[in-house]
Protein chains: 2
Amino acid sequence: MSLPHAILTALLEKPSSGLELTRRFDRSIGYFWSSTHQQIYRELGKLEQAGQIRALPSAQPARGQKKEYEVLPAGRAALSAWVALREDPKQIRDPLLLRMRAAAVVGAPGLDAELRRHLELHRKQLAEYLAIEERDFPPERNSEEDRLRHLVLRGGIDLENFWIGWLTRALDGIPATGSSPSAG
Amino acid sequence: MSLPHAILTALLEKPSSGLELTRRFDRSIGYFWSSTHQQIYRELGKLEQAGQIRALPSAQPARGQKKEYEVLPAGRAALSAWVALREDPKQIRDPLLLRMRAAAVVGAPGLDAELRRHLELHRKQLAEYLAIEERDFPPERNSEEDRLRHLVLRGGIDLENFWIGWLTRALDGIPATGSSPSAG
DNA sequence: CGCCATTATGCAACTTGTTGCATAATGGCG
DNA sequence: CGCCATTATGCAACAAGTTGCATAATGGCG
């Protein structure tokens, strides 16, 4: 139920073609709702059929040619309705935690190396988020919209900090199996 | 790729029937890899066909009757191989963050109430995890397996703390729209 | 026995997300 | 023009997860 609403949000921020949406997802909305271009095109088709978006008149309906979409009033209404919904947080689903649990049963040579690898990846992601924060949310930008968008980004930052903290503590708690731990 | 391995892990900890697995998932593994009984039965069938598990000889193959499974050597080997895999962390996918982003565009009356509701739910979940920690991981239990399982639970605890922290800060940062904020 | 709640297994249809590939326009270069 | 890289749209098959329901055994109760 979320992808169409992610697309509506992106299109309201700026009318775009399928590929443009894909690129914007990679840089922004995709940080908390990722998607491929195939999924986006499929969803754009459904949204158009449902009368929630339409192709801009300028865009010819030919295959290899850009086709830009904009949100119709029905689409905005649908998005508003969705925002107002209550929805319980879902249980997490994390393969790394699952693998650690499995490791408790079948053993885990090299698990510490995998944890270190993840730690590095999360540090990189955190650095990226912090760079975006510095660029997009200087103190003087403080409208209601900016504050909400900033909070969303803050969610990403806090989440990376959670992983970094947990992984660091986990590495303290399990024995090293790889080559010299001091040289990592 | 994860559910079959979650099932193998659970079956290695203790041979079980489909419904027993479902219940154990609800209480334990399901905290980070949830599943329904339908999915579990389907997966048990596939694992049996693949020669990774087998029904215990005592269990008659009749429809309304309990059928217990145990892991075969091939299953244990498959699980070990999976544990040794590298797998990058996936992007988060969170509808609440998405809704907040949408709210920045179409407005969000009542969003603060939803955040407060989530905050309460996460506090409850945290309390549940802490109770489990106290019950299952007293200081004297400190085998390698216990430490790994405890780390997994710690992941859940830390994650709830992340949400509680973020939601609290978010509520500080957006205006209250509901009835008297001081009486919440 | 007949009725019913509970325990238990399982199928089918659907939705969502992923992977691989096909097709079409456009513009640069020789 | 022919060739090719790039941009762009899109289909099809598959995998994973969800929802709704069907079926079967068992044990308690009248």
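Letters go in sequence order (proteins before strands), and every chain restarts at 1. This is a predicted model, so every value here is computed, not measured.
Per the geometry, CD belonging to A/Q39 stands 15 Å off C1' belonging to D/dA13, to the nearest Å. In this structure, B/E48 places its CD atom 12 Å from P of C/dT9, rounding to the nearest Å. Rounded to whole Å, the distance from CD on A/Q91 to C1' on D/dT18 is 15 Å. One can place CG of A/L56 at 16 Å from C1' of D/dT9, the figure rounded to the nearest angstrom. Protein atom OH of A/Y41 is 18 Å distant from nucleotide atom P of C/dA22, rounded to whole Å. The separation between B/E68 atom CD and C/dT9 atom P is 9 Å, rounded to whole Å. As a whole-Å value, the separation of A/K46 NZ from C/dC14 P is 13 Å. The nearest whole Å value for the distance from the NE2 atom in B/H37 to the P atom in C/dA12 is 15 Å.
Of the two residues near DNA chain D, B/E43 and B/Q38, the one whose nearest nucleotide lies more 5' is B/E43. Mapping B/G18 and A/W33 onto DNA chain C by nearest heavy atom places B/G18 at the nucleotide closer to the 5' end.
Closest approach of B/L44 to B/G18, counting heavy atoms only: CD1-CA, 3.7 Å. Of all non-hydrogen atoms in B/K14 and B/R24, the two that sit nearest each other are O-NH1, 2.9 Å.
Aromatic ring pairs are classed by plane angle as parallel below 30°, tilted from 30° to 60° and perpendicular above 60°; the pair A/W163 and A/W166 is perpendicular.
Judged by atom type and distance alone, B/R42 reaches the base of D/dT18 through a side-chain donor-acceptor pair under 3.5 Å.
Remark: C/dC3 base-pairs with D/dG28; criterion is Watson-Crick or G-U wobble with both hydrogen-bond distances under 3.5 Å. Across every strand in view, D/dC11 sits in a pair with C/dG20 that passes the Watson-Crick or G-U test at under 3.5 angstrom. Using N1 to N3 plus N6-O4 or O6-N4 for Watson-Crick, or N1-O2 and O6-N3 for G-U wobble, each under 3.5 Å, C/dT15 pairs with D/dA16.
Taking the side chain of B/Y69 as heavy atoms from C-beta on, and the options D/dG17, C/dG10, D/dT9, the nearest nucleotide is C/dG10. Each of D/dG17, D/dC21, D/dA8 was ranked by its minimum atom distance to the side chain of A/R93; first place goes to D/dG17. Set against D/dT9, C/dG17, D/dT18, the side chain of B/T36 has D/dT18 as its closest nucleotide. Among the nucleotides C/dA8, D/dG17, C/dT9, the one closest to any side-chain atom of B/K67 is C/dT9.
Side-chain contact annotation: B/R101 with A/S28, donor-acceptor N/O pair under 3.5 Å present.
Nucleic acid contact class of B/S2 (heavy atoms, under 4.0 Å, all strands): none. At a threshold of 4.0 angstrom between heavy atoms, the contacts of B/S35 with the nucleic acid are absent.
B/L72 and B/L47 fall into different hydrophobic clusters, defined by Ile, Leu, Val, Met, Phe, Trp and Tyr side-chain heavy atoms under 4.5 Å apart, directly or through other members.
The phosphate of D/dA8 (OP1 or OP2) has a side-chain N or O of A/K66 nearer than 4.0 angstrom.
Salt-bridge annotation for B/R123 and B/E120: present, with a side-chain N of the basic residue lying under 4.0 Å from a carboxylate O of the acidic one.
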